[in-house]
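In this text the structure is predicted, and so the values were computed from the model without any measurement.
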Amino acid sequence: MPRLTVLNEKIALEFAFTRAIQIGRHIANSLPLPDREVSRRHAQIFPQDKQYLVSDLGSRNGVYVNGRQVKGEQTLSQGDEICLGMTLLLFDRPEKASITDLLSTRGMRIWDEVDHRREFEITEVTTFSPAELDELIRRWLRREDSPPLVPHRLRSDLLEVALSLGNAATPGELGEVVLDYMHQRLGGDRLAIQVSGPGKRDLKTLACLGEIDEDVRFPKDIVRVALEAQRAIFCPSCSDDFRFRHISKSSDEYLVGSFLAAPIACQGNAYGFLYLDHKLGTGKCDFKAMVQTYLAASLLAKCLHWYHVGLEG
């Protein structure tokens, strides 16, 4: 599994990944960079023929590998330096190599501007597109050598949910069925379904369970990822995830320790997102829960889609 050593004024990371990643300033990127010199969608690193390549996604300030600007795509080698704005990235840095020995003149300029004495946090991708999750699920369902991450009974359980949804007369009842299912399988201290009005940020609570009320306001970064970008979020520990550390304290009384959010979208229509969290010290989300949350949100999205189509018809 390749890693990127990432360093700028605000973060110091060892970022692990196994598939194509998108890098940019927007929080919904696989690797979001807090750097004003970085574009919202700046670059992509992706595998091809057992190698990894980097490409510029039309950024304002360009992508530089070992001090030279990338035109189109460029193959990466172990220890290559990548500069995006005022952020320094080293691709698959050799374990015993000194960082400064790998830097170009451009890289040294960035190095001199940051606190390079910080310890590097180890992190990985925590936001996923529906296509990425669908591919993971297809692979897991085909596994025979070991227990899959998708539980054996999940398909029959989801069928029961689907049949229950068919008996729900209103969107609110649809939401209550899904949250009951989620709570029975995954627990969680707070569960909610947020749906959007005419404007994507005009949110209201369709259904909720636990230590939460209908007037809850979710942090804008969750809304930007789950609703606007339509990507699922897997955050097993807010305090250890630089992307969501700032939302770990949602109120004076409630500290969020771990959370999941999955988009509710169907045929290009974004209806909202499904959210589940654990209070700090009470439990922790795992990736199995992420998969089940995503599948339940997908079922709900189809029901809401046909509900609204039926009303319009």
Side-chain angles (χ1 to χ4, degrees), residues 6 11 13 15 17-36 38-46 55-60 84-85 87 123-137 192-206 216-236 238 241-248 250 256 258-277 285 287 289-291 293-298 300-302 304-305:
V6 185
I11 57 174
L13 308 171
F15 182 80
F17 60 102
T18 57
R19 58 186 65 83
I21 58 169
Q22 186 171 288
I23 306 170
R25 195 176 70 252
H26 195 282
I27 187 68
N29 285 289
S30 311
L31 174 56
L33 297 176
D35 180 344
R36 292 182 179 180
V38 169
S39 298
R40 288 168 61 85
R41 296 174 64 254
H42 198 113
Q44 183 182 39
I45 296 178
F46 58 96
S55 64
D56 191 332
L57 296 176
S59 66
R60 182 177 69 253
L84 311 179
T87 299
T123 187
E124 56 189 60
V125 178
T126 58
T127 65
F128 303 88
S129 70
E132 290 170 336
L133 286 172
D134 285 340
E135 177 57 28
L136 285 172
I137 292 166
I193 294 172
Q194 294 280 289
V195 292
S196 59
K200 282 190 175 181
R201 298 195 182 193
D202 179 21
L203 289 171
K204 65 177 181 179
T205 301
L206 181 67
V216 66
R217 294 182 65 85
F218 284 89
K220 64 180 181 180
D221 282 339
I222 292 180
V223 177
R224 290 168 70 193
V225 177
L227 180 59
E228 296 175 18
Q230 295 182 35
R231 291 176 70 86
I233 308 170
F234 169 54
C235 186
C238 289
D241 192 323
F242 79 101
R243 287 155 282 212
F244 302 109
R245 186 177 293 137
H246 63 289
I247 68 170
S248 61
S250 58
V256 179
S258 178
F259 78 91
L260 304 169
I264 300 171
C266 181
Q267 296 189 18
N269 296 304
Y271 295 106
F273 61 90
L274 196 162
Y275 174 89
L276 178 151
D277 73 27
C285 300
F287 205 76
M290 174 75 263
V291 170
T293 301
Y294 164 69
L295 291 173
S298 298
L300 177 59
K302 289 179 173 61
L304 287 176
H305 175 73

Undergrad: Looking at Arg36, I'd like to know if its CZ atom is crowded, meaning that more than 12 non-hydrogen atoms belonging to other residues, nucleotides or ligands lie closer than 6.0 Å.
TA: no
Undergrad: With sequence neighbours excluded, what pairs up with Phe15 under the ring pair (Phe, Tyr, Trp, His ring centres under 6.0 Å) test?
TA: none
Undergrad: Can you name the nearest heavy-atom pair linking Asp35 to Gly85, along with the distance?
TA: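 Minimum heavy-atom separation between Asp35 and Gly85: OD2-C, 3.9 Å.
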Undergrad: After noting the C-alpha distance and the side-chain angles of Ser196 and Leu227, does the key distance pass the side chain to side chain contact (heavy atoms under 4.5 Å, CB included) rule?
TA: CA-CA 8 Å; Ser196 59; Leu227 180 59; 4.0 Å; yes
Undergrad: Please determine, by modelled atom types, if Thr123 and Arg243 share a side-chain donor-acceptor pair under 3.5 angstrom.
TA: yes
Undergrad: So which atom in Pro263 and which in Ala226 form the shortest heavy-atom distance, rounded to 0.1 Å?
TA: CB-O, 3.2 Å
Undergrad: How far apart are the closest heavy atoms of His26 and Pro32, and which atoms are they?
TA: O-CB, 3.4 Å
Undergrad: Can you find a pair of side-chain heavy atoms, one from Leu57 and one from Ser39, that are under 4.5 Å apart?
TA: no
Undergrad: Side chains of Met290 and Leu136, heavy atoms from C-beta outward: is any pair under 4.5 Å?
TA: no
Undergrad: As an exercise, state the distance from CG of Leu304 to CG of Leu206, rounded to the nearest 0.5 Å.
TA: 6.5 Å
Undergrad: Go through it in stages, so that I can follow the logic: the residues are Phe17 and Leu31, the test is side chain to side chain contact (heavy atoms under 4.5 Å, CB included), and I'd like the CA-CA distance, side-chain angles, deciding distance and then a yes or no.
TA: CA-CA 10 Å; Phe17 60 102; Leu31 174 56; over 6 Å; no
Undergrad: Can any side-chain N or O of Asp277 pair as donor or acceptor with the backbone N or O of Val256 at less than 3.5 Å?
TA: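 A pair under 3.5 Å: no.
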Undergrad: I need the single residue from Ile193, Val223, Val195 that forms a side chain to side chain contact (heavy atoms under 4.5 Å, CB included) with Phe273. Which is it?
TA: Val223
Undergrad: Got a second to check how far Gln230's CD is from Thr127's OG1, nearest 0.5 Å?
TA: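 So the CD of Gln230 and the OG1 of Thr127 are separated by 13.5 Å.
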Undergrad: Ignoring hydrogens and angles, tell me if any N or O in the side chain of Arg25 forms a donor-acceptor pair with the backbone of Val38 under 3.5 Å.
TA: yes
Undergrad: Decide yes or no on side chain to side chain contact (heavy atoms under 4.5 Å, CB included) for Arg231 and Ser30, but give the supporting numbers first.
TA: CA-CA 10 Å; Arg231 291 176 70 86; Ser30 311; 4.0 Å; yes
Undergrad: Measuring from atom CG of Leu274 to atom OG1 of Thr293, what distance do you get when rounded to the nearest 0.5 angstrom?
TA: 6.5 Å
Undergrad: So, do Phe259 and Phe218 have ring centers that fall under 6.0 Å from each other?
TA: no
Undergrad: I need the minimum non-hydrogen distance between Arg40 and Asn29, along with the two atoms involved.
TA: O-ND2, 2.8 Å
Undergrad: Test side chain to side chain contact (heavy atoms under 4.5 Å, CB included) on Ile11 and Leu33 and set out the steps.
TA: CA-CA 8 Å; Ile11 57 174; Leu33 297 176; 4.0 Å; yes
Undergrad: Do the ring centers of Phe128 and Phe234 come within less than 6.0 Å of each other?
TA: no
Undergrad: Quick check for you: to the nearest 0.5 Å, what is the distance between Arg19 atom CZ and Glu132 atom CD?
TA: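 Spacing of CZ (Arg19) from CD (Glu132) equals 6.5 Å.
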Undergrad: Taking all non-hydrogen atoms of both residues into account, name the closest pair between Ala301 and Tyr271 and its distance.
TA: O-CE1, 4.0 Å
Undergrad: So, taking the atom named CD1 in Ile222 and the one named CD1 in Ile233, what distance separates them when rounded to the nearest 0.5 Å?
TA: 5.5 Å
Undergrad: Are the side chains of Gln194 and Val216 in contact, using a 4.5 Å heavy-atom criterion?
TA: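 Result yes, sub-4.5 Å side-chain heavy-atom pair found.
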Undergrad: Minimum heavy-atom separation for Cys285 to Leu260, with atom names?
TA: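 Taking every non-hydrogen atom into account, SG-CG, 3.6 Å.
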Undergrad: Output all residues satisfying salt bridge (Lys or Arg N to Asp or Glu O under 4.0 Å) with Asp134, sequence neighbours left out; order by chain, then residue number.
TA: none
Undergrad: Quick one: does Ser258's side chain have a donor or acceptor within less than 3.5 Å of a partner on Cys235's backbone?
TA: yes
